[in-house]
Amino acid sequence: MAGTTPQPTPPTSRTRSWWGWGWTDAHPDDAECAAMGALLPGTLDRPLPVPRVRDLAIAAPAAEPPGSLAHLVSTDPGDRAAHAMGKAYRDVVRALRGRPGRVPDLVARPTDDRGVADLLDWAGERQVAVVPFGGGSSVSGGVEYRGDAHRAVMSLDLTAMDRVLEVDTEGRAARIQAGTLGPSLEDQLRPHGLTLRHFPQSFEFSTLGGWLATRAGGHYATGRTHIDDFVQSLRVVTPAGTSSSWRLPASGAGPSPDRLFLGSEGALGVITEAWVRLQERPRHKASAAVAFPDFQDALRAVRALAQSDLSPANCRLLDSGEAALSGAAHDGASVLVLGFESADEPVAGRLERAVALARSHGGRDDGTAGGGGAQESPHGDAAVSAWRSAFLRMPYLRDGLARMGAIAETFETAATWDRVPGLIEEVRREVGEAAAKATGFPATVNCRLTHVYPDGAAPYFTVLAAGRPGDEVAVWDDLKAVASEVLHRHRATITHHHAVGRDHRPGYDRQRPDPFALALRAAKGALDPRGILNPGILVD
């Protein structure tokens with residue numbers, strides 16, 4: 001039965017940062033930046049100043065929309081600057097150095113499918129590039145324009161399309177507009193007792209459409225790890241017409257039309273709404289942390305958990321460096337963070353079984369990592385709480401380190417279990433050596449597993465190093481190239497959940513089969529014949 005939904009949450013009075021992550025009032029101040037920089041040899045003596053829009057050289061718009069569309073379009077310099085880049089480390093540094101790249105000429109905010117179609121029609125006629133934009137949290141160059149092949153650039157911001165339009169409580173599904181930000185989406189579902197339960201780290205600042213267009217990974221470390229698993233159907237506006245797939249629980253009717261657009265990053269069309277599968281809100285939660293003196297033992301424990309029938313919601317393994325960085329452990333141990341949840345039954349028993357399995361592989365829950373009791377708790381023990389707090393705070397700290405001229409960035413991948421140990425070891429060694437050679441100072445390369453599967457895992461790496469003042473982006477690009485070579489050598493994916501974007505294009509071009517690239521280019525040509533949609537994403 002379909003139900004009515006509440007209005008979207010009113011906008012907050014807090015201000016989003018145009019240049020860095022999240023809220024402006026949550027950024028580290030100068031003193032905190034300096035304190036962090038003091039811990040990393042080779043950084044600046046004082047933080048770079050917070051950048052200001054008025055200091056940027058923003059040209060006058062190179063195109064003007066017709067009167068019929070003018071009410072949907074902004075040319076405000078601050079609005080344009082906020083849509084020029086995503087939130088990757090290299091984006092933050094470019095903003096700090098006053099080099100944001102091509103700033104869009106226009107920012108359009110359609111309120112319905114008709115508006116999207118009209119804007120695409122106009123852009124096609126005038127050879128205006130259109131870059132779809134959700135929350136702007138891309139960390140792979142997915143929402144910026146690079147090049148000069150188009151006379152103007154329009155950022156197509158979908159956040160005015162922010163409604164949960166329909167809820168089917170019997171089928172536990174909802175039809176939701178693509179511009180709905182994570183918190184608003186959950187607020188609108190809450191009165192129905194349902195949840196999408198998809199929580200990427202960017203949840204607060206990303207949209208349903210962004211998750212779909214980038215095949216985002218979310219809350220679950222096992223089972224339903226990607227947004228793909230929640231999709232019933234998609235509605236996509238393309239320059240060639242609107243695609244609206246049937247809402248079905250499953251189908252064997254040829255290749256899936258939804259699969260064509262999932263992960264397409266706006267290159268083939270603009271996702272405007274989706275029917276997504278929901279679940280009851282969890283009422284039972286339990287968490288624990290288990291310490292491992294030996295990282296290889298921890299890997300074997302995680303593999304055993306992934307191949308069991310326990311299906312933990314959280315199963316994140318932090319190596320010793322990552323555990324220390326997050327405050328989960330300070331004795332050189334690696335830490336496994338476990339969490340279970342359910343809407344209808346206690347989960348303490350499943351947690352106890354998981355902890356026992358981890359102990360059988362050399363883990364300890366004797367308090368070293370904050371305990372590991374199986375009590376029902378929404379917060380878990382001290383190590384779990386420390387990890388959770390650090391997880392949410394880390395992007396802000398990254399920006400603070402960037403102000404100190406440091407390299408502070410992450411990248412992720414996925415590989416089969418037989419390749420994971422060697423992959424992690426070689427990334428740590430080769431990226432660390434490259435960073436030391438480029439900067440003259442030792443670097444830290446940490447690793448955690450964010451998602452685990454019966455046949456493999458998703459290692460997620462953090463790199464902390466000194467930069468070269470004024471040349472930080474080039475240093476990071478060189479380190480990313482070294483990392484990409486290691487991934488390719490191990491046949492590990494160039495990205496597990498951060499999307500291809502422009503930053504991962506070289507690795508993606510090497511990873512995908514040639515016949516598929518041929519088919520993708522043909523689809524691009526058929527759906528976007530004038531080549532205006534997010535040029536350079538996925539294919540040329």
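Hydrogens, waters and symmetry mates play no part in the numbers below; they use all other heavy atoms, side chains included. Here the structure is a predicted model, which means the values were calculated and not measured.
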Quiz item: Checking His27 side chain against Trp21 main chain: does a donor-acceptor pair fall under 3.5 Å?
Solution: yes

Quiz item: Does a donor on one side chain sit under 3.5 Å from an acceptor on the other, for Glu322 and Ser326?
Solution: no

Quiz item: Between the side chain of Ser206 and the main-chain N/O of Ser202, is any donor-acceptor distance below 3.5 Å?
Solution: yes

Practice problem: Spell out, as yes or no, whether a donor-acceptor pair under 3.5 Å connects the side chain of Arg16 to the backbone of Gly135. | Solution: yes

Quiz item: Has the side chain of Asp105 got a donor or acceptor atom that lies under 3.5 Å from a matching backbone atom of Ala62?
Solution: yes

Quiz item: Is the charged tip of Arg448 near the ring of Tyr460: under 6.0 Å from the six-membered ring centre and within 45° of its axis?
Solution: yes

Quiz item: Does Trp476 have Arg90 sitting over its ring (NZ/CZ under 6.0 Å from centre, angle to axis within 45°)?
Solution: no

Quiz item: Can we call the ring centroids of His226 and His496 under 6.0 Å apart?
Solution: yes

Self-check item: Ionic contact status for Arg505 with Asp540, cut-off 4.0 Å
Solution: yes

Quiz item: Do Gln511 and Thr493 have side-chain atoms, one donor and one acceptor, less than 3.5 Å apart?
Solution: yes

Exercise. For the residue pair Phe133 and His83, categorise the inter-ring angle as parallel (less than 30°), tilted (30 to 60°) or perpendicular (more than 60°).
Key: tilted

Quiz item: Quick one: are the ring centres of Trp23 and Phe205 less than 6.0 Å apart?
Solution: yes

